[in-house]
Number of protein chains: 2
Amino acid sequence: MKNKNRRISVIQEIIATTKVGSQDELLQLLTNKGFNLTQATLSRDLKAMKVVKTPAVDGGYCYKLPANDDQADAQAAYLTSAAVTIDFSGNILVIHTRAGYASSMAYRIDDEASDVIIGTVAGEDTVVCVMKEGMTKRAVIESLSKFIPTLKKD
Amino acid sequence: MKNKNRRISVIQEIIATTKVGSQDELLQLLTNKGFNLTQATLSRDLKAMKVVKTPAVDGGYCYKLPANDDQADAQAAYLTSAAVTIDFSGNILVIHTRAGYASSMAYRIDDEASDVIIGTVAGEDTVVCVMKEGMTKRAVIESLSKFIPTLKKD
DNA sequence: AAACACTATGCAAAAATATACAAAAATATT
DNA sequence: AATATTTTTGTATATTTTTGCATAGTGTTT
């Protein structure tokens, strides 16, 4: 129903911007905005929206929208390889990897891209690569794309 | 009190591993484990733990531990004093921290200064940051000073 | 249009949760 | 140790949330 959708999105907005401590309180705000519903309906709406009531810092409670797991999931899904992001800056190349994959990625680079990279340092999820002097980004990309498939589409 | 701490940690474990739909249900589990308390106390425990009751996929409800914002915040607070010295060299920035703080500092930078830093690698007490191409020291300082207060006074 | 399926909603009751208050337990202070 | 203070907890109760049931609206099929 049209009304429900509008209502849901207004609820979403209110919760995102205002501190609301109970369904009755939220109901009041909605009523002020011209919506006509009961607390029971609100309870169902909140359930459908997966809104949670969370203990607030001030000792009270506060309604919150769910953290966007979907976004995280989506990102996780498209991570078919270990490399997440790749950026150049001067003669340095930084590769962010999935957690824990940095050192194996670095090892791989040392092993297979020594024609364009003179050395790497790896942390937990980051590899810093030093490009060989005079090397172009294009050449480096070409070389690394052998084992970082996402690179080629840039 | 010793008992409370143990109880809290058991609650945490139960919630992390089991689907619990109500306080009474959780209370039952705790009683089975030998704890002796009432729903009122449980309600207070959950409030203190900032546990939330969230609508579950199956149409019911499920208690959940908070996404670790609080922990992040706490960490954020104590990190403000972690940086000891900061030096630039070309497009590289090196931050020395108090012993052991480098990786959390690096994490923070990755998280909050990605507008000016393309990546970091952390050792035990040193963070190497690669500045984004074309970025000025001033801009980097501006961005990092959000959580490294000593920076601003330079 | 009538019959049907389906969704949305209110009402009222039930269930779940939070809290005021008092007592007990733990901790700190003199 | 005695006293004061703070913390924890249970009891009873208030508040809040959820839900079963009945009804009304909407769209679909016959």
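These values consider heavy atoms only, across backbone and side chains, with no hydrogens, waters or symmetry-generated copies. Naming convention: chains lettered A, B, ... in sequence-line order (proteins, then strands); numbering from 1 in each chain. As the structure is a computational prediction, the values presented were derived from the model and not from experiment.
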[X] side chain: which of [options] is closest?
X: A/Ser43; options: D/dG10, D/dT19, C/dA18; result: D/dT19
X: A/Ser22; options: C/dA20, D/dT17, C/dG10; result: D/dT17
X: A/Ala40; options: D/dT17, D/dT9, C/dA12; result: C/dA12
X: B/Gln23; options: C/dA16, C/dA18, C/dT9; result: C/dA18

Practice task
Find which nucleotide of DNA chain C each of B/Gly21 and A/Arg44 is nearest to by heavy atoms, and output the residue with the more 5' nucleotide.
Solution key: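 Per heavy-atom nearest nucleotide, the more 5' residue is A/Arg44.
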Exercise for the section: Check for a donor-acceptor pair, side chain of A/His96 on one end and backbone N or O of B/Ile118 on the other, with a separation under 3.5 Å. Expected result: yes
Practice task
Please answer whether the main-chain N or O of A/Ile15 pairs with a side-chain N or O of A/Thr18 as donor and acceptor at a distance below 3.5 Å.
Solution key: no
Practice task
Please collect all salt bridge (charged side-chain N to carboxylate O under 4.0 Å, His left out) contacts where either partner lies in residues 10-34 of chain A, sequence neighbours excluded, each pair once.
Solution key: A/Lys19-A/Asp58
Interatomic distance where [atom1] belongs to [X] and [atom2] belongs to [N] [whole Å]:
X: B/Leu27; N: D/dG10; atom1: CG; atom2: C1'; value: 12 Å
X: B/Arg6; N: D/dT9; atom1: CZ; atom2: C1'; value: 16 Å
X: A/Lys47; N: C/dA15; atom1: NZ; atom2: P; value: 15 Å
X: A/Leu37; N: C/dC11; atom1: CG; atom2: C1'; value: 14 Å
X: A/Leu30; N: C/dT9; atom1: CG; atom2: C1'; value: 15 Å
X: A/Asn36; N: C/dT9; atom1: CG; atom2: P; value: 10 Å
X: A/Ile11; N: C/dA8; atom1: CD1; atom2: C1'; value: 13 Å
X: B/Leu42; N: D/dT9; atom1: CG; atom2: P; value: 11 Å

Practice task
Identify the two heavy atoms, one from B/Leu46 and one from A/Pro55, that lie closest to each other, and give their separation to 0.1 Å.
Solution key: O-CG, 4.2 Å
Handout entry: Heavy-atom pair with the smallest gap, counting every atom of B/Leu42 and B/Leu27
Key =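 Scanning both residues completely, I find the closest heavy atoms to be CD2-N, 3.7 Å.
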Exercise for the section: Assess whether one donor atom and one acceptor atom, taken from the side chain of B/Gln39 and the base of C/dA16, lie less than 3.5 Å apart. Expected result: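 Looking at the base of C/dA16, it does not pair with any donor or acceptor on the side chain of B/Gln39 (distance under 3.5 Å).
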Problem - Phosphate-side-chain proximity, A/Thr41 and C/dG10, N/O vs OP1/OP2 below 4.0 Å - result: yes
Exercise for the section: Kindly say if B/Tyr61 contacts the phosphate of C/dA15, meaning a side-chain N or O under 4.0 Å from OP1 or OP2. Expected result: no
